[in-house]
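Report on one structure; see the data block that follows.
Just so we're clear, the structure is a prediction, and the values are computed from it rather than from any experiment.
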Amino acid sequence: MFLHTHPYEPFLFQEATKVIVGTLPPPRFTTGELKPDDVDFCYGSRNGMLWPILDRIFGLNLKFETTPEAMEQRKKFLLEQQIGVCDIVASAERQKVDASDLGMQNVQLRDLVGYLRNYPNLKTVLFMGGNSKNGPEYFFRKQLKEQGLSLQVVSNEVPRIHELMLSIPSESKKNTKLVRTVSLTAPSGAANRAVGSLQTYKDMKSQNPDFNTMDFRVMQYRPFFES
C-alpha cells in the first residue's frame, strides 16, 4: 500500500474569507518527483485547471514552472484576495498509485469544521468537486454528521450551494456564523465528462461550437471567486 500524505499544510490566515477545499494532489507531490511544469504548491499539477482558471479570471500572468517565483505568485494572489486553501484529506492509503479519489482507503481527514470555527472571517467554502464518494463535500458531510450537524440546501443546481449555521468560540454575544458552501465542478480532466453531460454546457456548446469545458469552468467559478 502506498501512503499518500498531503505535502502542504493548510494555507490559512486570519483575514481569509473563503477557503478552497479539495482532497489530495497527485502522488508525485508527496514523493517529490515533480515534473518541470508543475508548481510546488497547492493545486500545482501541470494537469490541474484551477490556476489556469484563476489566471484567466484575474489576469494574473502566472508562471507554470517548478520555481520559487511561481509559488510566490500564487501565495501573493491568495493573500490579496483573502482566500485560503485547506484540502480536507490529510492522508490516505492506495493500492494503485494514482490521484483517484475513489482509490483512497483508510482516509485520515483534517478538521475542516474546526478550522471554520477558529478562523472567524472564513464564511465561504469552495469545494473542488461535489458530493460523490470520497469527494471533498462527501467528507465534509461526514465530519458534520459526527457532530450532529448538517448542510441546508440553497440551490441544487450545479454548482450546488448549501448553508450551515456554525457555533464559534467568541467572547461577544455573537457566537454563531453562517457558512456557505459551493460545490464547483472539479478542476480536473477527469471531470470533463461530467461537464459535457450538463444541459447548460450542451446549450452553450450548441450556440458556440468553440465553447469548451475550460470556458465553462471559468464561467462557473468567476462569481464565487470575484465576490
Residue pairs fulfilling side chain to side chain donor-acceptor pair (under 3.5 Å) with at least one residue in residues 54-63, sequence neighbours excluded: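 Listed once each, the pairs are R56-D215.
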
Residue pairs, two or more places apart or on separate chains, that pass side chain to side chain donor-acceptor pair (under 3.5 Å) and touch residues 125-137: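 For residues 125-137: E137-R141, E137-R160, E137-S183.
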
Counting only N and O atoms by type, is there a donor-acceptor contact under 3.5 Å from the side chain of [X] to the main-chain atoms of [Y]?
X	Y	result
T66	P36	yes
Y221	T185	yes
K145	S150	no
R217	A186	yes

Are [X] and [Y] connected in the hydrophobic side-chain network, where two residues link if heavy atoms are under 4.5 Å apart?
X	Y	answer
I20	L12	no
I83	Y119	no
V21	V107	yes

Can you sort out the partners of F127 under ring-ring contact (aromatic ring centres under 6.0 Å, His included), two or more places apart, ordered by chain and number?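 Expected list: F140.
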
Taking only residues two or more places apart in sequence, or in another chain, which ones meet Y8 in a ring-ring contact (aromatic ring centres under 6.0 Å, His included)?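 Y8: no ring-ring contact (aromatic ring centres under 6.0 Å, His included) contacts found.
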
Go through the structure and list residues passing side chain to side chain contact (heavy atoms under 4.5 Å, CB included) with [X], not counting sequence neighbours.
X	value
P7	P25, F29, T30
Q95	M1, Q105
R46	R28, K35, D37, D38
L79	F11, F13

Side chains of [X] and [Y], donor plus acceptor under 3.5 Å:
X	Y	answer
T17	E15	no
E65	T67	yes
S155	E157	no

Taking salt bridge (charged side-chain N to carboxylate O under 4.0 Å, His left out) as the definition, give me every residue that meets it alongside D111, ordered by chain and number, with sequence neighbours left out.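 Listed in chain order: nothing, the list is empty.
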
My understanding is that only residues two or more places apart in sequence, or in another chain, count here; which of them pass salt bridge (charged side-chain N to carboxylate O under 4.0 Å, His left out) with R94?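 Expected list: D98.
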
Tracing side-chain links under 4.5 Å among I, L, V, M, F, W and Y, which residues wind up in one group with V97?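 Via sub-4.5 Å side-chain contacts, V97 links to F2.
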
Residues sharing V195's hydrophobic cluster, by side-chain heavy-atom contacts under 4.5 Å among ILVMFWY, directly or via others?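 Members besides V195, by chain and number: V158, L198, Y201, M204, F211, F216, M219.
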
So do [Y] and [X] actually touch side chain to side chain, heavy atoms under 4.5 Å?
X	Y	result
K18	L78	no
D87	T23	no
I161	T181	no

Between E80 and K76, does any NZ, NE, NH1 or NH2 come within less than 4.0 Å of an OD or OE carboxylate oxygen?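 Yes, K76 and E80 are salt-bridged.
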
Specify whether W51 and F41 have parallel, tilted or perpendicular ring planes, treating 30° as the upper limit for parallel and 60° as the lower limit for perpendicular.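 It falls in the tilted class, 30° to 60°.
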
side-chain hydrogen bond (donor to acceptor under 3.5 Å, both in side chains) between Q199 and D203, worked out: CA-CA 6 Å; Q199 190 60 48; D203 292 343; 2.8 Å; yes

